[in-house]
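Just so it is clear: chains get the letters A, B, ... in the order the sequence lines come, proteins before strands, and each one is counted from 1. Note that this is a predicted model, so its numbers are computed, not measured.
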There are 2 protein chains.
Amino acid sequence: MKTDKELIGASTSILVLGILAKDPSYGYEVVKRVNQEAENLFEWQEGTIYPVLHKLEKEGLLRTQWQEANTGRKRKYYYITEQGREALQSRSAQWQSFNSLVHRVVEMPHG
Amino acid sequence: MKTDKELIGASTSILVLGILAKDPSYGYEVVKRVNQEAENLFEWQEGTIYPVLHKLEKEGLLRTQWQEANTGRKRKYYYITEQGREALQSRSAQWQSFNSLVHRVVEMPHG
DNA sequence: CTTAAGACCTAGAAGTTCTAAGTATGTGGA
DNA sequence: TCCACATACTTAGAACTTCTAGGTCTTAAG
């Protein structure tokens, strides 16, 4: 019962933006949060998320700031931008549209 | 407002299997049916679908049979297999899981 | 000093679909 | 007859991703 990688890919940016829309965070923690939520569905590796974060930053949907934690360790915090919020909304809407389409096609009665 | 290609990719096999689960059909028509359903969401090109059909056949989820239409033209009809129905069900379930996850993450209240 | 966990990064492999073409047949009009 | 168009299928190569698999550095714990 292996998970469809395309679905993972399709949901990645929405999940990242969704998480960061609530609270700023840093890569390592984002991975953990998502994996917790995803539980048995899939498990992100770290290498999966960093390139995504970089890409979203380059697109202007996130901005970053290095911060020192209490522990003395440095973390790269990601903040969602206004543009990021708009993108999140538009992508959520698109997700919804696809979801409706799939339901319509898969469940539509014979004939 | 360009459509997320990953979402297209993630939904493709479900849509194809879903359509063929109702009635056998051939590539050219499947493209038309899906584009009709998808309306303004996206538009499949023929080149998009044929490789997908070939792949699903290779995986044993579809089987094919050449048939001559009334028009005298030959068509390659695709039939869903038992394995295909199982795959459809499992992929639909997975789609559902991702949908729930996205909703949970994106809509969950602050904190 | 050694190990483990926290935290970040990237090159290259692997896997897709899309683009953009091509082939071939039947229909209908001139 | 000849041309144009819709039907119908196919594939090579480009473009785009993520995943794999490794690496670096720091702090904490023993």
Once base and sugar-phosphate atoms are separated, protein heavy atoms under 4.0 Å mark nucleotides 21-29 of chain C, 5' to 3', with B, S and - as ----BBS--

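Taking atom OH of A:Y26 as the reference point, atom C1' of C:dC9 lies 17 Å away to the nearest angstrom. Across the protein-nucleic acid pair, A:L62 atom CG and C:dC8 atom P stand 13 Å apart, rounded to whole Å. Remark: P of C:dT10 and CG of A:L53 are 12 Å apart, rounded to the nearest angstrom. To the nearest angstrom, C1' of D:dT10 lies 14 Å from NZ of B:K58. Rounded to whole Å, the distance from CD on A:E57 to P on C:dT10 is 11 Å. Remark: C1' of D:dT7 and OH of B:Y50 are 9 Å apart, rounded to the nearest angstrom. When rounded to the nearest whole Å, the span between CH2 of A:W66 and C1' of C:dC8 equals 6 Å. A straight line from CD1 of B:I49 to C1' of D:dT7 spans 16 Å, rounded to a whole angstrom.
No donor-acceptor distance shorter than 3.5 angstrom exists from the side chain of A:K58 to the backbone of A:L53, with no hydrogens or angles considered.
In this structure, B:V31 and B:E46 approach most closely via the heavy-atom pair CG2-CA, 4.4 Å.
Residues satisfying the salt bridge (Lys or Arg N to Asp or Glu O under 4.0 Å) criterion with A:K32, sequence neighbours excluded, are absent altogether. Residues satisfying the side chain to side chain contact (heavy atoms under 4.5 Å, CB included) test with B:Q96, not counting sequence neighbours, are A:N99, A:H103, B:N99, B:S100.
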Would you list the atom pairs, donor with acceptor, under 3.5 Å between side chains in residues 74-82 of chain A and any protein atom, with sequence neighbours excluded?
{"from": "A:R75", "atom 1": "NE", "to": "A:Y26", "atom 2": "OH", "distance (Å)": "3.4"}
{"from": "A:R75", "atom 1": "NH1", "to": "A:Y77", "atom 2": "OH", "distance (Å)": "3.3"}
{"from": "A:R75", "atom 1": "NH2", "to": "A:Y26", "atom 2": "OH", "distance (Å)": "3.4"}
{"from": "A:Y79", "atom 1": "OH", "to": "A:Q67", "atom 2": "OE1", "distance (Å)": "2.7"}
{"from": "A:T81", "atom 1": "OG1", "to": "A:G60", "atom 2": "O", "distance (Å)": "2.7"}
{"from": "A:T81", "atom 1": "OG1", "to": "A:L61", "atom 2": "O", "distance (Å)": "3.2"}
{"from": "A:T81", "atom 1": "OG1", "to": "A:Q83", "atom 2": "N", "distance (Å)": "3.4"}
{"from": "A:T81", "atom 1": "OG1", "to": "A:G84", "atom 2": "N", "distance (Å)": "3.0"}

Output a table of donor-acceptor pairs, distance under 3.5 Å, between side-chain atoms of residues 12-20 of chain B and any protein atom two or more places apart or on a different chain; print 'none' if there are none.
{"from": "B:T12", "atom 1": "OG1", "to": "B:I8", "atom 2": "O", "distance (Å)": "2.6"}
{"from": "B:S13", "atom 1": "OG", "to": "B:R91", "atom 2": "NH1", "distance (Å)": "2.9"}

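With rounding to the nearest 0.5 Å, the separation of CH2 in A:W95 from CG in B:L7 is 6.0 Å. Expressed to the nearest 0.5 Å, how far CG of B:L56 lies from OG1 of B:T64 amounts to 12.0 Å.
B:H54 has no side-chain polar atom (N or O) that falls below the 4.0 Å cut-off from OP1 or OP2 of D:dC9. In this model, the phosphate group of C:dA7 is not approached by any side-chain N or O of A:K32 to a distance below 4.0 Å at OP1 or OP2. For D:dC25, the OP1/OP2 oxygens have no side-chain nitrogen or oxygen of A:K74 closer than 4.0 Å.
With respect to the salt-bridge test (charged N to carboxylate O, under 4.0 angstrom), the residues A:R33 and A:E37 do not qualify.
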Please list each protein N or O that sits under 3.5 Å from an N or O in nucleotides 13-17 of chain D, with the distance.
{"from": "D:dT17", "atom 1": "O3'", "to": "B:E6", "atom 2": "OE2", "distance (Å)": "3.4"}

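In this structure, the nucleotide among C:dC8, D:dT7, D:dT11 sitting nearest to the side chain of A:Y28 is C:dC8.
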